[in-house]
Protein chains: 2
Amino acid sequence: MTDGRKLSGETRAGDVLQRMRLDIISCVLKPGAKLRFEALKDMYAVSFSTLREALSRLVAEGLVVAEGQRGFIVAPLSLADLLDLTDVRVLVEREALRLAIEKGDDRWEAEIIGTYHRMDRLQNRLGHEYYLSEDWSKVHGEFHYALVSACGSPNLLEIRQKLFERAHRYRRMSSQFRPKWREKDVEHRTIMEAVLARDPKRASDLIERHIRETTENVVEHAGHLFSGGLTKSGADVAAE
Amino acid sequence: MTDGRKLSGETRAGDVLQRMRLDIISCVLKPGAKLRFEALKDMYAVSFSTLREALSRLVAEGLVVAEGQRGFIVAPLSLADLLDLTDVRVLVEREALRLAIEKGDDRWEAEIIGTYHRMDRLQNRLGHEYYLSEDWSKVHGEFHYALVSACGSPNLLEIRQKLFERAHRYRRMSSQFRPKWREKDVEHRTIMEAVLARDPKRASDLIERHIRETTENVVEHAGHLFSGGLTKSGADVAAE
DNA sequence: AATAGCGATAATTTCGAAAAGATCAAACCA
DNA sequence: TGGTTTGATCTTTTCGAAATTATCGCTATT
């Protein structure tokens, strides 16, 4: 269930924010679902105002949409948004990776290797369907972050992170349909090698292909779930 | 004064959000200033919770920073942030402009010409110190938006807009010191011509120079105001 | 004299009730 | 019958008080 976790956000609203973010990213809260305060109040055990604050911040992150005075809904997934998101991510990731390769030091290299190792081991331990694991997703995110973390631009990193999280919602959808993610771990290794070899052109090209192919997979396997531009309105929160 | 405006945000919190955003961008609320709820409550004539919601959203926009449970302050300006912001803006604006030139239609061209005309006329009417005018700032923003509006990427446009607004705070600081902005209107015309001539390389280069030169101006004229990485804590809200 | 502990004050954060607004359906009129 | 208005119900939005947490000055102790 959603409750029971205690992510140590300093303030209670910050705590709820983080928990809701994870629940949206991992599709516990389904795209397009209406977010009724009563239901959420029970779900996260906080009051109106606290919820409202968390919701507001998620709006600014693009994970929730505010509809005038008609409340909030989980940001819908659409093919148009996925394709747009992909292009913007390619732009940002390429630049961040180029800069990181230019500026990264030994600690940066070590962090990449370390994170890759953890991801690789976890993958072996989890077996075939590793990509369904929430833990693996986390390490996978950390690996991709490690690659660009030395780019030296806080603003670029922040933008990248938000885009990455939004893209994760789409990846999550397709992963339910057993895509050919067997090849992905090879890609990760190849990318790491190009990065450590300080080859910005090759690394950027590989990252771009990595991102675009993932998108193609999503479109192929789960594209029918968000036809047109809007999802068929997801199930209600109460329906959980 | 700050009060008295009525930006037609649908909800009251949305209204306060917009008003605060403008006040921060235009430095009515000074960088680094502590935002005390009592003072803000009088200033915007709303209650705690409503303020809190507006504040929260501004945090996610990067215009306000939340300090644990020690309240909120207006996001400080720093040299490091300005330089970083400049680089990211160059990346985003170049790409957006390239796409807009590729995809823009007749309506797009018309909008650019129209907005430029309004900016130009207002400039003549206002005389030498046009750049101090809040109205001119608004039209100037609309002109730059018009240039990239046809890029076809909602996500890119949203990111661009937030970066543009944050950069405006720095421009505002330097404009108090009469920079050599006489040349800027020539630049705007040159950029427009390159865009309408559908020359993406030239247009992107011009935009990049436009952005970087503005930054250089800011650093030269107002750089001493935010030494190190943090502003000397700005005046308090109550001190207005 | 400097520092740690304590208490009073001032701020933020959270809460649930009350106000404002939207939705839906039944009734009414053309 | 079709379309519009009215009213009842449910949801969101706003409010100000209460609880929580930080801040600052004071005293006592080393």
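In this text, all values refer to a predicted model and were calculated from it rather than measured experimentally. Chain A is the first sequence line, chain B the second, and so forth, proteins listed ahead of strands; every chain is numbered from 1.
Two end axes, each from the C1' atoms of five base pairs, can be drawn for the helix from C/dA1-D/dT30 to C/dA30-D/dT1; they diverge by 20°, to 10 degrees.
Between B/L51 and B/F37, the shortest heavy-atom distance links the atoms CD1-O, 3.8 Å.
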Original post:
What string of B, S and - do you get for nucleotides 7-16 of chain C, 5' to 3', when a contact is any protein heavy atom under 4.0 Å?
Top reply: ----SSSBBB
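Under the 4.0 Å criterion applied to side-chain N and carboxylate O atoms, B/K138 and B/E142 are assigned as salt-bridge partners. Taking the charged nitrogens against the carboxylate oxygens, A/R107 and A/E111 have no contact shorter than 4.0 Å, which rules out a salt bridge. Electrostatic pairing of B/E61 and B/R57 does not count as a salt bridge here, judged by no charged N lying under 4.0 Å from a carboxylate O.
With sequence neighbours excluded, no residue satisfies salt bridge (charged side-chain N to carboxylate O under 4.0 Å, His left out) with B/R121. Listed by chain and residue number, B/R125, B/L126, B/D135, B/W136, B/V139 satisfy the side chain to side chain contact (heavy atoms under 4.5 Å, CB included) test with B/L122 (two or more places apart in sequence, or in another chain). Under the ring-ring contact (aromatic ring centres under 6.0 Å, His included) criterion, B/Y116 pairs with B/F143, sequence neighbours left out.
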Atom pairs and distances, donor-acceptor, side-chain atoms in residues 148-155 of chain A, under 3.5 Å, two or more places apart:
| unit_1 | atom_1 | unit_2 | atom_2 | d |
| --- | --- | --- | --- | --- |
| A/S149 | OG | A/A146 | O | 3.0 |
| A/S153 | OG | A/L156 | N | 3.0 |
| A/S153 | OG | B/D84 | OD1 | 2.5 |
| A/S153 | OG | B/D84 | OD2 | 3.2 |
| A/N155 | OD1 | B/R166 | NH1 | 2.9 |
| A/N155 | OD1 | B/R166 | NH2 | 3.0 |
| A/N155 | ND2 | B/D81 | OD1 | 3.3 |
| A/N155 | ND2 | B/D84 | OD2 | 3.0 |

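One atom, CG of A/L40, and another, P of D/dT13, lie 12 Å apart when rounded to the nearest Å.
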